[in-house]
Each structure stands twice: as C-alpha cells, then as structure tokens.
K.L.:
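One structure, as structure tokens, below. Some questions next.
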Amino acid sequence: MRKIIKGIPLPSGTVHVSAPAKVNLYLHVLGRRNDGYHLLDSLVAFVDVGDSVSARAAEGLSFSIEGPFAGQLSGASDNLVIRAANLLAQAAGVLPNAALTLIKRLPVASGVGGGSSDAAATLRVLCTLWKLRLGRKEMAELALRLGADVPVCLFGKPAFMGGIGEDIMPSPDLGRPWMVLANPGVGVSTPEVFAARTGAFSNAARFGEALETPEALAALLAERRNDLADPARRHAPLIDTVLAALSSRPGCLLARMTGSGATCFGLFTSEEAARAAAMGIAAVRPRWWVVATRLLS
Ligand code: C5P
C-alpha cells in the first residue's frame, strides 16, 4: 500500500492528501430555507478509512480514478474533484495545471461524504502543489460552493455543523471509539431523501462535555437521532436490515444511519468487538461493504 503523507510533497513531486469518510453521529433537521436547502444541527466526525487524492505538476488538468469503487464514478467532468480544481484555480487566478488521481475506496452516494471529502482533499492538495496561501474564510466559502458537506470535510475534525453546512464549531473530545460501517450496496439520492422528509422539525442538541468512553458517547447519542433515517428507509428498506445486522452483534452500543444513507455505523465497546462484528457481518453479507474503523480525533 502506498503511504499517505498529509499534504507533504514527496521527492517525486506528487502530493497526497487523505479524504476520510465522515459519519453523522446525529443529524437533526431544524428547518427548511426558501431555496429548498435544510437547516441542520449535526455532530460530524471522521474515521480512519477513506479515499485519497494525489496531485502532481502537469500541463493542463487531467484526472484519473483508481481503487475498488472507481467503476461507480463515470470520471466525467462534473466530478467534484475536477470542479474543486477549476474553482480553486479561478479563485486564486492560476492556471489549473495538475494531474490528479483519486483513489476511490468509499462507496458512492452512501452517506459517508466521499464526494465531499474528495472535494475538500482536492482543495488542500492543490493549495500545496500550487503553493497558494488562501485564508481560512476564503477556503470555507469555496468549499460551500462545492457542496453543503464540503466545509466540515475541509475542517476535518469532529465538529458540530449548523446552517446548511457552513457553520462549523469544534466538538468536545469524543475519544477514539471503534465503529463498524456497513453499506448494503444501494445508492441513495440525498435530494430525494431530504425532499421525502415530513413532520415537525427538531431542535438543536449540542452538548459541552467531553465523552471519554464509547459507553458515554453512545448514551448521549441515544437521546438524539438521524432525522433522515425515516425518509431514507422508505427509499431503501434494506437500511433496517443493516441496522439489525449491526445492533445484534456483541459489543454494539448503538447503530444508526449516517447522512442520507444508506451506510449505517455501529458504535462498539472495543476494537476486538468491532473487528469480530465486521468479520461476522461480511461473512453472511459478502456483497456489502463492511469495515471496522476508528474515529479520528
Ligand atoms: O450541497 P449538496 O450538493 O451536497 O446537497 C445535495 C442536495 O441535498 C441539495 O441539492 C439539497 O436537495 C439537499 N440538501 C439540503 N439541505 C442541506 C444539504 C443538502 O436540502 N443542508
């Protein structure tokens, strides 16, 4: 496996940046704006599994996709990586000269923010390659233009996310609990899930205390929800099967869908429990994407 060194140019002149999966530990929908976007309160964290983006100097802009899920992306010019590169070049007043490679390890349209994390990683990798010094605010504005989840991915640490995704506030320490992510291989459309949401809106549910154990985190999350789970289930009833598969495993403290689905996460008591659960689920569901992973602090 190639070693990923965050944002540091290797002797070959290639820069690598990791694009970790994001997990919405809770996601409350607080309201809906006139333009159709929804106001959110979500606790977002990142895990130790993800895509990566690399860039090297080149004439013009080229883009290739490798990795187990490369086939799920067309490689078309509307890919968020290409859009991020062109937007950054335009904002910085430079030519978009780079050969970009995306290693796609995360399932597409699955609620783990793969596309958003790829876009954020592209902004970072190209700032290094092109030696740009854009301010944090300007970068955050560019990120939001690429998608509502891109600012939190650019931030890259556990955070409360508000507004439609642009308000980022670091969260208290969540420790580094072990999780299992499981996706049944059905893509879910984020706009369709938001549009299918009905009923009353939720309240914000932020908290201030650090959570030192997975048990404490699970107890606090149990009082919160993912408001997109019900509408997502109606599109993809298999989500219930995924939640049941996770929560029936020994050591699972809480199982919940992330983002607009269909990926679900299980929060586990220990590394051993998470690894055993992932192996057990993968054995009976060979077509699912299942990984044991750990929260990044
Ligand atoms: O911003 P992004 O392109 O990732 O959002 C995809 C879709 O998800 C939007 O077009 C919108 O329908 C929905 N969305 C929303 N409210 C948010 C984020 C996304 O309604 N805060």
Side-chain angles (χ1 to χ4, degrees), residues 19-46 50-51 53 72-74 76-88 91 102 104 106-123 139-156 159-169 183 186-206 224-236 239 257-263:
K22 67 113 222 228
V23 176
N24 297 89
L25 295 172
Y26 76 82
L27 191 162
H28 288 188
V29 180
L30 309 187
R32 190 172 170 275
R33 294 196 322 198
N34 289 337
D35 64 1
Y37 269 85
H38 291 77
L39 298 168
L40 308 175
D41 173 43
S42 182
L43 175 59
V44 179
F46 298 88
D51 297 339
V53 180
Q72 288 192 5
L73 289 177
S74 58
S77 60
D78 67 344
N79 184 283
L80 271 174
V81 169
I82 298 284
R83 284 181 45 208
N86 281 320
L87 188 67
L88 181 66
L102 168 65
K104 194 79 208 154
L106 299 174
V108 173
S110 75
V112 293
S116 305
S117 203
D118 297 344
T122 304
L123 294 177
M139 287 291 280
E141 280 166 10
L142 291 181
L144 186 62
R145 286 171 62 187
L146 293 164
D149 273 348
V150 184
V152 77
C153 291
L154 192 62
F155 183 69
F160 293 114
M161 183 177 87
I164 65 161
E166 75 280 19
D167 289 344
I168 311 294
M169 192 178 110
N183 179 281
V186 284
V188 175
S189 154
T190 302
E192 281 177 27
V193 170
F194 270 107
R197 197 214 63 89
T198 52
F201 290 111
S202 295
N203 294 320
R206 296 184 179 191
R224 292 156 175 82
R225 301 168 299 286
N226 181 342
D227 284 340
L228 298 180
D230 282 345
R233 264 190 200 109
R234 292 199 289 273
H235 281 257
I239 289 167
M257 191 184 88
T258 174
S260 55
T263 304

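As the structure lists them, so they are numbered: ligands from 1, and atoms in each ligand from 1.
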K.L.:
Which residue, Asn79, Leu102, Leu80, forms the side-chain contact (heavy atoms from CB on, under 4.5 Å) with Asp118?
P.N.:
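The side-chain contact (heavy atoms from CB on, under 4.5 Å) with Asp118 is passed solely by Leu102 among Asn79, Leu102, Leu80.
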K.L.:
Output the list of atoms in ligand 1 that are nearer than 4.0 Å to some heavy atom of Gly36, sorted by atom number.
P.N.:
20 (O)
K.L.:
With a cut-off of 4.0 Å, which atoms of ligand 1 are near a heavy atom of Pro191?
P.N.:
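Those of ligand 1 that fall under 4.0 Å from Pro191 are 7 (C), 12 (O).
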K.L.:
Would you say Gly165 contacts ligand 1, with heavy atoms under 4.0 Å as the rule?
P.N.:
no
K.L.:
Is the shortest distance from a Lys or Arg side-chain nitrogen in Asp41 or Arg206 to a carboxylate oxygen in the other one below 4.0 Å?
P.N.:
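Looking at Asp41 and Arg206, the cut-off is met.
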K.L.:
Distance check, rounded to the nearest 0.5 Å: Leu30 atom CG versus Leu40 atom CG?
P.N.:
7.0 Å
K.L.:
Could you tell me whether some N/O pair between Tyr37 and ligand 1 is separated by less than 3.5 angstrom?
P.N.:
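Yes; the residue has a nitrogen or oxygen that sits under 3.5 Å from a nitrogen or oxygen of the ligand.
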K.L.:
Is the backbone N or O of Met257 less than 3.5 Å from a side-chain atom of Asn226, with the two atoms forming a donor-acceptor pair by type?
P.N.:
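Judged by distance alone, yes, a pair lies under 3.5 Å.
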K.L.:
With distance as the sole test, does Thr258 use its side chain to make a donor-acceptor pair with the main-chain N or O of Gly111 at under 3.5 Å?
P.N.:
yes
K.L.:
Checking a contact table here: which protein heavy atom is nearest atom 19 (C) of ligand 1, and how many Å away?
P.N.:
Phe194 CE1, 3.6 Å
K.L.:
Is there any N or O on Leu146 that sits under 3.5 Å from an N or O of ligand 1?
P.N.:
no
K.L.:
What is the nearest protein non-hydrogen atom to atom 8 (O) of ligand 1, stated with its residue, atom name and distance?
P.N.:
Thr190 CG2, 3.3 Å
K.L.:
Tell me which protein heavy atom sits closest to atom 16 (N) of ligand 1, plus the residue, atom name and distance to 0.1 Å.
P.N.:
His38 N, 2.9 Å
K.L.:
Only heavy atoms of Ala148, strictly under 4.0 Å: list the atoms of ligand 1 that pass.
P.N.:
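Those of ligand 1 that fall under 4.0 Å from Ala148 are 1 (O), 2 (P), 4 (O), 18 (C).
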K.L.:
Looking at Leu40, which atoms of ligand 1 are within less than 4.0 Å of one of its heavy atoms?
P.N.:
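Selected atoms, number and element: 21 (N).
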K.L.:
Would a distance-only check, ignoring hydrogens and angles, find a side-chain to backbone donor-acceptor pair under 3.5 Å from Tyr26 to Ala205?
P.N.:
yes
K.L.:
Within this structure, what is the CZ-CG distance for the pair Phe160 and Leu25, rounded to the nearest 0.5 Å?
P.N.:
9.5 Å
